[in-house]
Amino acid sequence: MGLTAYAAGRPSALLVGVPGAAAVRLAAEAEVRRLGWASASSPASASVLVVCGDPGPSLAAAIDAAWNGVPSPRADVRLSSPGTVRAALADVPATLADLPGQRASAVTGSWRPPAAAEPEHGHGHHMTGAVHGLAMAERADDRDGLKLDVLHLPFGPVLPYWPDGLQIRMAVQGDVVQSAEAAFLDPSGPDFWDEPGARRRAAAHLDALARLLGVAGWRAQAERARLLRDAALDGTPAATLLPRATRFARRVARSRTLRWMTDGLGVHARLLARLDATTTALAHLDDPEPLPPEPDVLGVLPSLLAGRDLAAARLIVAALDPRP
Amino acid sequence: METFVAVVALAGLGGALITAVYALSFLTGVRGTLGVAPFLSGGVPREHALSRFHVRWYAVTMVFLAFDMEMIFMYPWALVVASMGTMAVVEMFLFLGLLLLGVLYAWREGAFRWA
Amino acid sequence: MTLDAFLLLAAALFSVGLYGALSQQSIVMLMMGLELMVNGIVVAGGAFWYYIAPGAADGQVLVLVAVTVMALEMAMGFAVVTALFRARDADLTDDAEDLRG
Amino acid sequence: MTPVWTVVALPVALGVLTLLAASGNAVLGAAASGAPAPLRHWDDPLRAAARALVQQRRRTFAADRLLSRVGVVTLPVAALLAAVVLPLGTRAVADWSVGVVWFNAMEVATWAAVWLTGWGPNSAYALVGGYRYLAQGLAYELPHMFALITVALGAGSLNVTRVADAQDGLWFGVWMPVAFAVYLVSALAMAFWGPLAHPVADDVASGAAVELDGPDRLVFAVGRYALLVVAAAAAVPFFLGGGAGPWLPAPVWTLVKTLVVLGALLWAGHRLPVLRMDRFLEFAWIVLIPASLLQMLVVALVVLD
Amino acid sequence: MQVAAFWALAVTAVASGVAVFRVDSMARATFALLASFLCVGGLLLLLDLHYLGALVVLMMIMEMLVMAVFMVMYMMNPAGLMPMTMIHNGRWALGISVAVFAALAAGIVLTPWPPRRGAPPDDPTYALGEAIMGPKMLVMMGIGLAILATMIGSVVLSTDRGRYDREDPR
């Protein structure tokens with residue numbers, strides 16, 4: 001079928017990073033950019049799910065939940081090391097284009113909420129107020145004096161511009177966060193960003209900046225930050241790297257709209273601090289200083305997020321950029 | 001061709017194009033509907049999303065409803081200003097002054113902040 | 001397309017709104033009934049203007065006033081419901097009858 | 001009476017311009033983000049449409065399919081009906097005496113479209129995105145209405161063709177700068193584009209459009225781009241003198257000016273971050289409304305003498 | 001042609017008006033009411049009241065969206081997922097409304113409506129504008145005061161924290 005092949009020619013990729021395997025994610029992002037694939041922000045618009053690294057058990061469960069939401073024709077790519085990225089992504093269009101295979105493997109069942117799926121043992125287990133197997137939202141008090149429904153939203157691992165492997169469970173009333181708990185899903189061993197070297201330090205800051213700019217809705221500058229990060233890592237000489245970095249830093253720092261949107265949350269100060277850290281790191285490429293260890297961000301996050309609305313909460317998480 | 005017949009014909013054409021898209025998707029797409037959980041970035045929903053959503057800007061809706069009623073008078077006013085002279089302009093801007101008083105009061109009371 | 005047909009439609013909308021206003025327990029649904037009644041008035045206003053007195057613009061002004069009254073009534077209704085919900089955590093008409101003699 | 005050629009020309013022109021806007025945006029986005037060989041992205045919208053058509057239908061748990069379908073379908077139909085009053089060069093499809101009010105009414109229909117698209121799928125991210133569009137509507141609608149009324153005041157008529165003809169001396173965009181700026185902001189807000197794409201922003205995984213499956217996503221995207229095209233095309237008769245221009249005939253001038261405004265709106269999309277509604281709403285009410293009222297006072301005084 | 005349009009719009013208006021109180025989901029009730037208003041807007045267009053027709057469509061879409069926001073916020077089961085009826089003394093209400101309809105219908109059919117005086121002006125909107133700015137100026141000023149009173153009243157009633165306890169002075 002011409003249409004399926006044409007569609008498979010440039011699929012839409014949903015990338016999922018695994019904590020500790022950032023190198024694989026960087027290689028995958030570079031390859032997706034080289035191939036010109038579209039980047040999906042949710043399973044509904046994705047046709048290929050790219051898992052960068054070997055996820056632990058709970059992260060794998062979250063990835064499977066997202067994978068079940070991807071409609072076919074779909075492809076699931078598991079990357080274990082940066083070397084295998086090019087080959088693995090090269091044959092994705094072939095798997096997407098073979099219509100009979102996709103039609104055979106297409107899932108058509110309907111999702112049942114877990115609680116209802118379990119066999120009911122006795123009447124004790126019956127959930128009060130459950131409708132079609134899922135509970136109705138409960139009410140809770142609010143700073144505004146209106147007792148209205150609270151939704152429990154996990155901002156989890158499979159989300160655009162989100163730190164790898166982090167999951168924040170927020171209790172949200174309307175779009176204001178009432179309470180939040182943050183945790184890393186199976187935090188693994190040594191982190192890719194902890195190795196010494198100014199290039200690695202600058203790349204770490206640029207990666208965090210890309211996420212912050214993406215959450216702030218400035219996708220063009222987020223991609224430029226990622227380009228700079230990859231250039232810093234693969235040894236571009238300082239002569240070409242520094243002017244590009246200073247131009248990027250000046251444009252982002254001077255944006256009045258960005259300052260207006262991130263003022264008052266402490267996000268703008270942190271953004272400027274990261275920009276300065278990047279430019280100084282790139283200015284002295286030889287000093288072997290590794291990335292300074294982060295203070296306990298996960299502990300302070302819940303108190304920072306309570307009372308903020310969702311957009312501000314996402315900006316704060318992207319500004320702090322917790323690492324496992 | 002009668003104008004509103006043309007408009008209804010265009011609306012019909014739009015509807016026909018949209019049904020054609022759904023029909024084409026039925027023909028070329030993979031068969032069978034996939035029943036999925038709502039996307040919560042990998043998490044499992046604990047309750048229905050359709051709930052009593054606590055909108056934080058409800059005070060603005062009330063001020064908007066009241067302020068919007070002034071638009072009703074301004075559209076015809078725009079037509080008659082040229083012929084009725086300064087009387088119409090003075091009248092309308094008195095009317096607008098009243099309403100801006102209301103907006104100022106709402107701002108001072110913090111109605112435009114998220115509750 | 002006669003005056004009687006328009007007025008019958010207005011009467012029908014008015015009585016459906018009246019049924020809704022009388023039978024609903026929740027204040028917000030009661031306001032939906034009131035909206036429907038004002039909807040009937042708007043139809044009647046337009047029909048009277050067209051069939052009885054198109055020369056003067058009084059019919060049109062009546063429709064403007066009806067639309068404005070509907071919006072202001074909605075704004076005040078929601079304010080009352082919000083205050084009631086905050087004070088008494090319920091929006092049912094049965095709980096809001098303190099003024100009843 | 002409507003000449004038949006306009007009824008055929010309008011959908012064709014809208015379709016071509018929508019496709020042009022989509023592929024122009026893909027190329028602009030690739031260029032702005034420094035991607036290699038941005039020009040190859042010209043057919044991204046076609047690939048996306050193909051992906052949408054071959055995709056399997058998808059239904060979220062306990063969703064209200066009727067309302068979400070009504071929401072998705074309303075967007076392109078509202079764009080088409082809003083374009084009905086715009087003059088294609090000399091003649092519009094519907095040359096009504098209240099063209100401006102009709103245009104305003106049809107673009108308010110997008111409020112219902114995006115809220116329903118958010119409410120339909122029973123998904124929390126979509127619900128948050130749908131409500132964000134209502135907050136955005138409450139912020140941009142009043143300055144937008146004042147800008148349209150200022151234009152009608154300057155022309156002394158609510159008929160779009162007469163508004164275009166009333167600018168033969170000096171374009172409204174020149175001597176009503178605040179109204180033009182407010183209109184461009186509301187043009188972005190109408191199509192929830194660029195800095196005003198908060199309802200479909202990436203921070204809630206493309207908000208109201210998170211659960212849209214194949215054909216729904218295609219119809220929603222076409223509707224959104226068509227709205228952007230209609231908003232840009234409406235700026236021509238309102239502020240840029242319609243088809244008037246020295247050498248070229250009227251329809252060509254209308255097309256050129258529409259493309260210029262469309263290019264500016266697309267470029268703004270990649271040049272600015274997204275505005276959050278809790279800050280933009282207060283700004284709109286406290287700064288944009290008084291500014292557009294002052295602009296209207298100036299225009300009223302000019303019209304008087 | 002116009003008669004067919006009239007009957008189609010009239011029947012849809014009343015049907016969606018009845019549906020408002022029949023459907024379970026509050027969102028569907030609100031959009032049924034919006035459909036009824038859109039039909040009335042169409043009817044006004046049929047009556048050559050172009051401005052008022054477009055105005056009703058414009059204003060009612062915004063008001064029904066605001067209505068939907070409040071319906072969903074305060075109603076017990078906004079999406080109608082749990083079938084429940086919120087009706088009290090339904091029979092009595094039905095009786096009264098049918099009686100009212102019968103009385104109105106009788107009044108409509110029996111009274112000899114006066115013949116039409118004067119012809120509709122070529123631009124009713126212009127006539128409306130002149131009326132509002134001229135003889136009907138008191139109407140506009142009165143409504144202006146009512147709007148101001150509504151703004152202040154609704155802000156007083158609905159906001160929980162006033163200007164004295166601003167939480168995060170920005």
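Excluded from the calculations below are hydrogen atoms, water molecules and symmetry mates; all remaining heavy atoms, backbone and side chain alike, are included. Throughout, protein chains are lettered first and strands after them, A, B, ... in sequence-line order, and every chain is numbered starting at 1.
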Pick whichever of [options] has the most heavy-atom pairs under 4.5 Å with chain E.
| options | value |
| --- | --- |
| C:V67, C:V61, C:V65 | C:V61 |
| C:L64, C:L7, C:N39, C:D4 | C:N39 |
| C:G55, C:G77, C:G40, C:G20 | C:G20 |
| C:E73, C:M31, C:M1 | C:M1 |
| C:I52, C:L9, C:L18 | C:I52 |

Top contributor to chain C interface from [options] [non-hydrogen pairs under 4.5 Å]:
| options | value |
| --- | --- |
| E:T125, E:L104, E:I108 | E:I108 |
| E:L49, E:V3, E:L43, E:V109 | E:L49 |
| E:F6, E:W7, E:W92 | E:F6 |
| E:A103, E:P115, E:A93 | E:A93 |
| E:G118, E:A99, E:S158 | E:S158 |
| E:A119, E:A131, E:G153 | E:A119 |

Is [X] close to chain C through its backbone or its side chain, or both, or neither, when contacts mean heavy atoms under 4.5 Å?
| X | result |
| --- | --- |
| E:V100 | side chain |
| E:M140 | neither |
| E:A105 | both |
| E:M60 | side chain |
| E:I147 | both |
| E:V139 | side chain |
| E:P124 | both |
| E:A29 | both |

Quiz item: Are E:V18 and C:Y19 close enough, and set up right, to give a side-chain contact (heavy atoms from CB on, under 4.5 Å), and what steps lead you there?
Solution: CA-CA 9 Å; E:V18 169; C:Y19 165 73; over 6 Å; no
Quiz item: When you look at E:E63 and C:E35, which way does the side-chain contact (heavy atoms from CB on, under 4.5 Å) test go after all the steps?
Solution: CA-CA 10 Å; E:E63 282 177 27; C:E35 302 283 308; 4.2 Å; yes
Exercise. Of all the heavy-atom pairs spanning C:A75 and E:S154, show the shortest one and how long it is.
Key: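 Nearest pair, atom of C:A75 first, then E:S154: O-CB, 4.3 Å.
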Exercise. Might you point out which heavy atoms bring C:V28 and E:M71 nearest each other, and give the distance in Å?
Key: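 So the minimum-distance heavy-atom pair works out to CG1-SD, 3.2 Å.
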Any chance you could measure [X], atom [atom1], to [Y], atom [atom2], to the nearest 0.5 Å?
| X | Y | atom1 | atom2 | value |
| --- | --- | --- | --- | --- |
| E:R91 | C:S23 | CZ | OG | 11.0 Å |
| E:Y74 | C:T82 | OH | OG1 | 3.0 Å |
| C:L36 | E:F21 | CG | CZ | 5.5 Å |

Compare all side-chain heavy atoms of [X] with those of [Y] and state whether any distance is below 4.5 angstrom.
| X | Y | answer |
| --- | --- | --- |
| E:F101 | C:V16 | no |
| C:S15 | E:V98 | no |
| E:K136 | C:D58 | yes |
| C:F14 | E:S97 | no |
| E:M26 | C:M29 | yes |
| C:M32 | E:T30 | yes |

Quiz item: How far apart are the C-alpha atoms of E:L47 and C:F6, what are their side-chain angles, what is the distance that settles it, and do they pass the side-chain contact (heavy atoms from CB on, under 4.5 Å) test?
Solution: CA-CA 10 Å; E:L47 284 170; C:F6 270 97; 3.7 Å; yes
Does any backbone or side-chain atom of [X] lie under 4.5 Å from a heavy atom of chain E? Answer side chain, backbone, both or neither.
| X | value |
| --- | --- |
| C:V80 | both |
| C:A56 | neither |
| C:M74 | side chain |

Practice problem: Might you work through the side-chain contact (heavy atoms from CB on, under 4.5 Å) test for C:V42 and E:L44, ending with a clear yes or no? | Solution: CA-CA 9 Å; C:V42 164; E:L44 289 179; 3.9 Å; yes
Exercise. Verify the neighbour count for atom CG of E:L110: are there more than 12 heavy atoms of other residues, nucleotides or ligands below 6.0 Å?
Key: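 Yes, because the 6.0 Å sphere around CG of E:L110 holds more than 12 heavy atoms from other groups.
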Quiz item: Where does the angle between the aromatic ring planes of C:F78 and E:F70 fall among parallel (under 30°), tilted (30 to 60°) and perpendicular (over 60°)?
Solution: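 Rings of C:F78 and E:F70: parallel, as their planes differ by under 30°.
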Exercise. Please confirm whether the backbone N or O of C:A53 pairs with a side-chain atom of E:R116, one donor and one acceptor, at under 3.5 Å?
Key: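 Here the side-chain-to-backbone pair does not exist.
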Quiz item: Donor-acceptor pair, C:Q60 side chain versus E:L52 backbone, under 3.5 Å?
Solution: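 Side chain of C:Q60 to backbone of E:L52: no pair is present.
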